[in-house]
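The block underneath contains the structure these notes are about, expressed in structure tokens.
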Number of protein chains: 4
Amino acid sequence: MSEEEELIQQLFAEEDELTDKQKKILIAAIESFSEKGYAGTSTNEIAKKAGVAEGTIFRHYKTKKDLLMSIVAPMMAKLIGPFIINDLNKVLDREFDHVEDFIRAMMENRREFLKKHISILKIMLQEIPFQPELREQFFEHVAKKTFDRFVNVIQHYQAKGQMIEMPPESAARLAITTIFGSLMAQYLLFPHAEWDDEVETERIIQFIMHGLGTTKAR
Amino acid sequence: MSEEEELIQQLFAEEDELTDKQKKILIAAIESFSEKGYAGTSTNEIAKKAGVAEGTIFRHYKTKKDLLMSIVAPMMAKLIGPFIINDLNKVLDREFDHVEDFIRAMMENRREFLKKHISILKIMLQEIPFQPELREQFFEHVAKKTFDRFVNVIQHYQAKGQMIEMPPESAARLAITTIFGSLMAQYLLFPHAEWDDEVETERIIQFIMHGLGTTKAR
Amino acid sequence: MSEEEELIQQLFAEEDELTDKQKKILIAAIESFSEKGYAGTSTNEIAKKAGVAEGTIFRHYKTKKDLLMSIVAPMMAKLIGPFIINDLNKVLDREFDHVEDFIRAMMENRREFLKKHISILKIMLQEIPFQPELREQFFEHVAKKTFDRFVNVIQHYQAKGQMIEMPPESAARLAITTIFGSLMAQYLLFPHAEWDDEVETERIIQFIMHGLGTTKAR
Amino acid sequence: MSEEEELIQQLFAEEDELTDKQKKILIAAIESFSEKGYAGTSTNEIAKKAGVAEGTIFRHYKTKKDLLMSIVAPMMAKLIGPFIINDLNKVLDREFDHVEDFIRAMMENRREFLKKHISILKIMLQEIPFQPELREQFFEHVAKKTFDRFVNVIQHYQAKGQMIEMPPESAARLAITTIFGSLMAQYLLFPHAEWDDEVETERIIQFIMHGLGTTKAR
DNA sequence: GATGAATGAGCTTTCATTCAT
DNA sequence: GATGAATGAAAGCTCATTCAT
């Protein structure tokens, strides 16, 4: 619990103090939503799991959807800020001379974040298709910004001759797909398998840079 | 409607004759499930959209979950049969001398299939995390088989010297991630954007084979 | 029950067929609402009294307020139509040569109506202050029309020299207040007392025409 | 607020000191109850409007009904004492030689009282049908006493030859109905209309004394 | 086969009331 | 005295499912 509590604290406590029961409600809701989906989870279930009366949930969150939003929305903010912008600045500040170093640094960050917040990310991914409000937020604050920064980074390395000439938007899409696809496969699809993170990272970098073909191929 | 009906026919008619009402129920259910999720759709809603009485749904499908399964299950069968096995055989029968030709052929098939059945695929992806029955079927009949065949194909081209030496499982994962990730991005995330399918396909192939790096890089 | 059913039939059946359960719901709702008020009655209570599952109520009436409205609204229509307009026409058609005859005829009608529909009228009066929708309907369809016709009638008898000169609006207000006030006192405030309707009517008529003073007074 | 506070003071302060919060609760409760009815108002709503914690309400009033009663009950006392008894005594002390003067004096009193306490009166009238306790109190302490005194007054003026011979109970009923009916119409039904109080009073007196008919009528 | 009224369990939400601080 | 978080019963309402017609 203490680790979970810490996470909750980190994500939600910002300015407002969270009571003990509120934390329990959030933890229970995150667990249930990520296991059975938002629509498939009843507030009664959450209350029981949190060890709280059902009325208590509605004291703190006006509606069930409110509860969902107050779990997922802060995630959006935390997803962009610390990572996307920081990494880019490091690139432009010449902290990473080589693409590989950039990708490596980025993936390490992402990995830890993913591992910590996998439940909330699962909820987010599951509900984006059904909650227009969420979808909008996601595109506005996460997808678009990520994509734009990636394009910038790629242009930077293309200028340095480290990346092939190709519309940077296409390159960005391919790189993002590969990186996030691989991470999701590891943590969402096969969460129980044992992975050697470092080896995997190096393989993905190698793949992004040089592909699977030999020089002999075609 | 006539086109939708045809699809329904193609996917479901197998042995049993489908009455007019049954088809309408299936079409309505697919639309609603893919828009609002399985748990977020009421049978009443489906009945209204299908223009039938609520009782009629339960005459044909014992439960709501039954209805879901009878939509998603045939998809599983159609996902393996026609594609995965056929393509592999063609590879082994030396119909595709080069990796590129194999990927190209496979992607064309997938693209059309995706476009046609995007709603059902959406339902499938959405519900796999929540329906253990579905998840099992998916891993058993789709994921595992796809993966195994891919590994075979990669070994085949590695033996021919067209692909670099790397554990074929890792290579398969990277290739699958790239191909399906890219297709999903196109059809699920940005369904309204205009894509030039051929150009995209060639870019993905180029990426899989040679990556984004220049020879100069590192 | 058979008498109540008849009333229900008369008030609600207009075009739409009412199922047996629907009638029972209406009867139970009328009884409960008039006894404990709209807000003080639970749908569960109505269901039990009607011998029906709670869900059944909501099959026929989307919300509790819907149920209230479908009880009270038709009353509005029935209150004006048959009476107010008919009576007026009779006055203008010279069926009533004397004011007294007009008042007498009107009161007889009202009395019977009141006796029959006292429960619904109670609900109506109770809820008008809290349901803006109802209040509007009442003013528009009942109060205004009643008042306007009354003014016409009074002008008619003033022209014939049977009523004193006074702004007809004031006269109308005084007459309406007296008539309806007296009826309400009899049937709402003292429902258990025994009244000789004919004697009461004559007294009210006498009062409206000549007041309580003697010629000697002032 | 200062005027309202004064009223509150006047009605409730009797023996017990009212704290600032208590006054605010009473004012808020009166406003809400008269607008939305007792059953339609939540204690939470009252607390918010009063700017106090919900718990504070229950510190001063054991239950919600307690709060209602402590608003409405003192009204009952104030309705009899100052008016009904005083007025009667003045009649018997020959302060009013003519019926008209009596009615005029009484109406002036009532008018001011009504204007001041209209909200509480509304609550009282609304809740009498649903709170047996209230109904009993009202009949016992207000209705009956008022009626009895009225009968006395009427007998007094009948003896003086100023009022026609008629069972004094019937005369009382007609007079009360007219007076209170007219006042209620003015202040409850059409609160926004502009009335010339004096003109209205004279018209009502004239009506009670001589009715609407001409000598020619019948 | 098809209907749609009926069901009752269960859902989200509200509410008067309590109590530790 | 005052607070407001917490409660749990009950409210209004929805839903998958059944069944007589």
Side-chain angles (χ1 to χ4, degrees), chain A residues 17-22 24-25 39-47 50-67, chain B residues 19-22 24-25 38-48 50-67, chain C residues 17-22 24-25 39-47 50-67, chain D residues 19-22 24-25 38-48 50-67:
Chain A
E17 301 293 312
L18 286 176
T19 68
D20 189 51
K21 304 248 166 183
Q22 259 190 87
K24 279 183 187 155
I25 290 169
T41 302
S42 75
T43 50
N44 166 8
E45 208 177 323
I46 295 170
V52 156
E54 219 168 336
T56 308
I57 294 177
F58 291 93
R59 260 214 148 261
H60 297 293
Y61 307 94
K62 256 164 71 87
T63 64
K64 192 186 166 192
K65 189 172 278 179
D66 234 57
L67 177 57
Chain B
T19 68
D20 189 51
K21 306 245 166 185
Q22 265 191 80
K24 279 183 186 156
I25 291 170
Y38 169 74
T41 302
S42 73
T43 50
N44 165 18
E45 209 178 322
I46 296 170
K48 265 186 195 143
V52 285
E54 225 172 328
T56 310
I57 294 176
F58 290 91
R59 180 150 291 285
H60 295 293
Y61 307 94
K62 250 166 72 88
T63 66
K64 191 187 168 193
K65 190 171 279 181
D66 237 56
L67 176 57
Chain C
E17 301 293 312
L18 287 173
T19 68
D20 190 50
K21 305 248 166 185
Q22 261 190 85
K24 279 183 186 156
I25 291 170
T41 302
S42 74
T43 51
N44 167 7
E45 208 178 324
I46 295 170
V52 157
E54 216 169 335
T56 308
I57 294 178
F58 292 93
R59 256 209 154 265
H60 296 292
Y61 307 94
K62 257 164 73 84
T63 64
K64 192 187 165 193
K65 189 171 279 181
D66 235 56
L67 176 56
Chain D
T19 69
D20 189 51
K21 304 245 167 189
Q22 264 189 80
K24 278 182 186 156
I25 291 169
Y38 168 74
T41 302
S42 73
T43 50
N44 165 17
E45 208 178 323
I46 295 169
K48 264 185 194 145
V52 285
E54 225 171 326
T56 310
I57 294 177
F58 290 91
R59 179 151 291 284
H60 295 292
Y61 307 94
K62 251 166 69 90
T63 65
K64 191 187 167 192
K65 189 171 280 180
D66 237 55
L67 176 56

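Chain letters run A, B, ... following the sequence lines, proteins first and then strands; every chain starts at 1. Nothing here was measured: the structure is a model prediction, and the numbers come from that model.
- Across F:dC13, E:dA6, F:dT17, the shortest atom-to-atom separation from the side chain of B:T63 is found for F:dT17.
- Interatomic distance, CZ of D:R59 versus OG1 of D:T19, reported as 11.5 Å (0.5 Å rounding).
- The CD atom of C:E45 sits 5.5 Å away from atom OG1 of C:T41, with the distance rounded to the nearest 0.5 Å.
- Each of A:T41 and C:G51 was matched to the nucleotide of DNA chain E holding its nearest heavy atom; the match closer to the 5' end belongs to C:G51.
- For B:E45 and F:dC13, the CD to P distance is 19 Å, given to the nearest whole Å.
- For D:E54 and E:dT14, the CD to P distance is 13 Å, given to the nearest whole Å.
- A distance-only check finds no donor-acceptor pair linking the side chain of A:K21 to the backbone of A:A53 [under 3.5 Å].
- Under the Watson-Crick and G-U wobble criteria, each requiring two contacts below 3.5 Å, nucleotide E:dT21 is paired to F:dA2.
- Checking B:K65 against C:K65, the closest nucleotide of DNA chain F that is more toward the 5' end is the one next to C:K65.
- The NZ-P distance, from C:K62 to F:dC15, rounds to 11 Å in whole Å.
- When the P atom of F:dT14 is taken as reference, atom NE2 of C:H60 falls 15 Å away, rounded to whole Å.
- The side chain of A:K64 approaches E:dT13 more closely than any other nucleotide in the set F:dT3, E:dT13, E:dT7.
- Between B:I25 and B:I46, the shortest heavy-atom contact is O-CG2, 4.0 Å.
- Taking atom CD1 of residue D:I46 and atom P of nucleotide E:dT14, one finds them 17 Å apart after rounding to whole Å.
- Rounded to whole angstrom, the span from the CD1 atom of A:I25 across to the P atom of F:dT7 amounts to 8 Å.
- Across all strands shown, A:T19 has heavy atoms under 4.0 Å from sugar-phosphate atoms exclusively, and none from any base.
- The residue B:T43 sits close to a base: some heavy atom pair falls under 4.0 Å.
- Considering only the side chain of A:F58, E:dT13 comes nearest among F:dA11, E:dT13, F:dT14.
- Whole-Å rounding puts the B:Y38 OH to F:dC15 C1' distance at 12 Å.
- Out of F:dA16, F:dT3, F:dA6, the shortest distance to the side chain of B:S42 is found at F:dA16.
- Atom OH in D:Y61 sits roughly 12 Å away from atom P in F:dG1 (whole-Å rounding).
- Although no hydrogens or angles enter the test, the distance criterion places no donor-acceptor pair under 3.5 Å between the side chain of A:K64 and the main chain of A:S42.
- Nearest nucleotide to the side chain of A:R59, out of F:dA16, F:dT7, E:dA5: F:dT7.
- Distance from the side chain of B:A53 is smallest for E:dT3 among the nucleotides E:dA16, E:dT3, F:dT17.
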